[in-house]
Protein chains: 2
Amino acid sequence: MSKRSGVLEFAVLGLLRESPMHGYELRKRLNTSLGMFRAFSYGSLYPCLKTLVGRGWLVEEPGPEAQDPLAGALSGRRAKIVYRLTAEGKEHFEELLAHSGPDAWEDEHFGVRFAFFGQTEREVRMRVLEGRRSRLEERLDRMRASLARTRERLDDYTLELQRHGMESVEREVRWLNELIETERASRDRRSGPDPSDTAK
Amino acid sequence: MSKRSGVLEFAVLGLLRESPMHGYELRKRLNTSLGMFRAFSYGSLYPCLKTLVGRGWLVEEPGPEAQDPLAGALSGRRAKIVYRLTAEGKEHFEELLAHSGPDAWEDEHFGVRFAFFGQTEREVRMRVLEGRRSRLEERLDRMRASLARTRERLDDYTLELQRHGMESVEREVRWLNELIETERASRDRRSGPDPSDTAK
DNA sequence: GTTTTCATGTAACCCGTTACATGATTCA
DNA sequence: TGAATCATGTAACGGGTTACATGAAAAC
């Protein structure tokens, strides 16, 4: 029933798709490789892994050291649990990757989506980047409007905070512009410059 | 009992300190004037107001239109509830303002603290700005270290994401540097340039 | 041999949102 | 008169954290 709306879920599936791992290692990768923009604790990771197993997207496997006859002989030892993506799990993740709905470019989701762009279709990448950009442009419009309405009643610090906030958003828009540009260029290089396209 | 660790609580007290308001208006101010960096819904605002009243930091007052004899005569009408900061509430908020502990420069708190810098002592402002800056510098160190360790195993998109993330943090550090500079300049202008200070 | 780091989990809580319910006032 | 906006609230849920408990393996 639970939606598991899923930044964490998405990231876990994505990382496990590259290679099986146990929880501890997974968490480190979440907070470094992928991380910077979001941190997770074991308190959320392990329960998440459990529910993914419950849905058949992951399987728990004994760690490789279970092959070791010495360790195997000693009963009662708790082996590392290595999580591996199942076929259904892979299929599900690919569906998620193909999706480019509005939620894909919200603040919380965009970062993790971008982190897996390497596995994402070019067209989907474009839609997500452009969606994100127009999302931010809407926000800029609202900020500018609100600033125009309230400029005089605000003190210097509040004003400075808003100015800095707007600059941050403008900066991200420029970044997206560059990325979109690059994507387009590499697409055009592939299919050859199309006069009917560039003439527009 | 509840901690109410309080971005919302802080902002409510701060806004009501400037002038009494009813909930609806309060929420708008939270999401525009102060806002951009955080939004709140009624579902969190009204319960928060209730608990603040419960602690004696706010009082509910009938809206000004209750003075209107016509409206007052019509029984059963639900008046707007105007919230006003009590003396204890004001005292409490000033304690919060004076505080410059580590939590003041965390991501979640820093924005709201900055928004009320207009009401904050110069020394406290300095400590918060400097605390925030060193917090971000630590983060940069960790990012650089992690990047150096993992650079080759990462694909282009992940790398680009990290690069952009680091640039964002670096940019905020530069912003803080300017703010600190400005604060220092205005302080020095006050007390006159001190040779023993500038010689260092 | 002891401290660190690796490794797995659980229970309680926190701060907030969404969706809903209700009704008054203003504007077209 | 009907729609938009003003205005106040509640119940259920959501996605996470903190603090705790446990124990093996590695490093010193």
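All values below come from the heavy atoms of this structure, side chains included, with hydrogens, waters and symmetry mates left out.
With rounding to whole Å, B/His109 atom NE2 is found 14 Å from C/dC14 atom P. One interatomic measurement links the two molecules: CG of A/Leu8 to P of D/dG14, which rounds to 15 Å at whole-angstrom precision. Per the geometry, OH belonging to B/Tyr24 stands 15 Å off C1' belonging to C/dT22, to the nearest Å. Whole-Å rounding puts the A/Asn31 CG to C/dC6 P distance at 13 Å. What separates NE2 of A/His22 from P of C/dG9 is a distance of 12 Å, to the nearest Å. For the pair B/Lys80 NZ and C/dT25 C1', the interatomic distance rounds to 9 Å; values are reported in whole Å. As a whole-Å value, the separation of A/Leu45 CG from C/dT10 C1' is 14 Å. Spacing between atom OH of B/Tyr46 and atom P of C/dG23 amounts to 16 Å, rounded to whole angstrom units.
Taking only side-chain atoms of A/Ser41, from C-beta outward, the nucleotide of C/dC6, C/dT8, D/dT18 with the closest atom is D/dT18. Here the side chain of B/Phe40 is nearest to one of C/dT5, D/dT8, C/dG16, namely C/dG16. The side chain of B/Val7 approaches C/dG16 more closely than any other nucleotide in the set D/dT17, C/dG16, C/dT8. Between C/dT10, D/dT10, C/dG16, one nucleotide has an atom nearer to the side chain of B/Pro47 than all others, and that is D/dT10.
Helix bend of the helix from C/dG1-D/dC28 to C/dA28-D/dT1: the angle between its two end axes, each built from five pairs, comes to 40° after rounding to 10°.
The OG1 atom of B/Thr120 lies 4.5 Å from the CG atom of B/Leu97; values are rounded to the nearest 0.5 Å.
A donor and an acceptor atom, one from each side chain of A/Ser100 and A/Arg113, are nowhere located under 3.5 Å apart.
If you run ring-ring contact (aromatic ring centres under 6.0 Å, His included) between A/Phe10 and each of A/Phe93, A/Trp57, A/Phe40, only A/Phe93 comes through.
Among the atoms of the strands shown, none is found under 4.0 Å from any heavy atom of B/Phe10. Base contact: A/Gly43 has a heavy atom under 4.0 Å from a base atom.
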